[in-house]
Amino acid sequence: MAAAGSCVARRVEELGDLAQAHIQQLSEAAGEDDHFLIRASAALEKLKLLCGEEKKCSNPSNLLELYTQAILDMTYFEENKLVDEDFPEDSSQKVKELITFLSEPEILVKENNMYPKHCDLLGDELLECLSWRRGALLYMYCHSLTKRREWLTRKSGLLKEEYSVTFTCWL
């Protein structure tokens with residue numbers, strides 16, 4: 001079990017470094033300090049300190065919890081941005097990226113086969129948050145696309161009708 005714990009610690013540390021770099025990019029692009037990005041960054045800094053200690057002594061559950069909280073805060077910032085922009089047409093890749101981030105904690109637990117039930121390591125609350133956030137993100141994205149298509153279809157019909165009337169008048 002200790003070997004699996006140090007494997008989790010190494011992997012969480014790697015993922016935390018990637019997430020920290022992503023947060024840095026988001027902060028620079030936003031041009032302002034955001035509460036959720038600050039919280040995510042603080043959680044990742046604490047994670048880095050814990051991972052810097054002897055990895056065998058680090059509790060995998062605590063490390064994974066810190067990483068998951070950081071991911072939830074970071075992705076919340078990005079989701080809000082997508083919602084504010086009404087999911088621009090080129091947002092499918094961003095949605096996929098966010099779902100990947102939100103899936104990573106569960107994938108890590110499964111890969112290491114550490115616990116018979118994932119909730120033993122992540123906890124029911126965090127598992128539920130991850131699941132709900134992925135579902136809500138997909139729902140909002142699909143809903144926005146559907147509404148956009150309906151709007152375009154209506155507009156297209158009106159334009160065709162207007163074009164037809166205009167063209168007939170010229171004849």
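Throughout, residue positions are numbered sequentially from 1 according to the sequence presented.
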- Which distance, rounded to the nearest 0.5 Å, do you find between the CG of L18 and the CZ of F101? 7.5 Å
- Rounded to the nearest 0.5 Å, how far apart are CG of D73 and OG1 of T68? 11.0 Å
- Query: Mind checking whether E106 and R134 have side chains closer than 4.5 Å, heavy atoms only?
  - Reply: yes
- Message: Is there a side-chain contact between F87 and L137 in this structure, where contact means two heavy atoms from C-beta onward sitting under 4.5 Å apart?
- Response: yes
- Query: Are E13 and R10 within salt-bridge range, i.e. N to O under 4.0 Å?
  - Reply: no
- Item | Under 3.5 Å donor-acceptor, S41 side chain and L37 backbone | no
- Considering only heavy atoms from C-beta outward, does the side chain of K48 approach that of D17 to under 4.5 Å? yes
- Message: Any heavy-atom pair between the side chains of C129 and L72 that's under 4.5 Å?
- Response: yes
- Message: So which atom in A70 and which in A40 form the shortest heavy-atom distance, rounded to 0.1 Å?
- Response: O-CB, 3.4 Å
- Message: Let me confirm one number: the CD-CD distance from E125 to E65, rounded to the nearest 0.5 Å.
- Response: 9.0 Å
- E104 versus I71: any side-chain heavy-atom pair under 4.5 Å? no
- Item | Hydrophobic cluster identity match, W132 and L126, side-chain contacts under 4.5 Å | no
- Out of curiosity, L63 CG to K46 NZ, how far, rounded to the nearest 0.5 Å? 10.5 Å
- Query: Taking atom CG of N62 and atom CG of L50, what is their separation to the nearest 0.5 Å?
  - Reply: 7.5 Å
- To the nearest 0.5 Å, how far apart are CG in L108 and OH in Y67? 8.0 Å
- Message: Any salt bridge linking E78 with K81? Criterion: basic side-chain nitrogen under 4.0 Å from a carboxylate oxygen.
- Response: no
- Task: State yes or no: do I107 and L64 share one hydrophobic cluster built from I, L, V, M, F, W and Y residues joined by side-chain heavy-atom distances below 4.5 Å, directly or via other members?
- Result: no
- Task: Run through H22, R133, E97 and flag the one making a side-chain hydrogen bond (donor to acceptor under 3.5 Å, both in side chains) with T75.
- Result: R133
- Query: Under 4.5 Å between side-chain heavy atoms, hopping through other hydrophobics if needed: is there a path connecting V95 to L145?
  - Reply: yes
- Note on the structure: All heavy atoms of A9 vs all of C51, minimum pair found to be O-SG, 3.7 Å
- Do L138 and L82 share a hydrophobic cluster (ILVMFWY, side-chain heavy atoms under 4.5 Å, transitive)? yes
- Query: Would you call E85-K94 a salt bridge at under 4.0 Å N-O?
  - Reply: no
- Message: Can a donor-acceptor pair be found, under 3.5 Å and without considering hydrogens, that links the side chain of S131 to the backbone of L127?
- Response: no
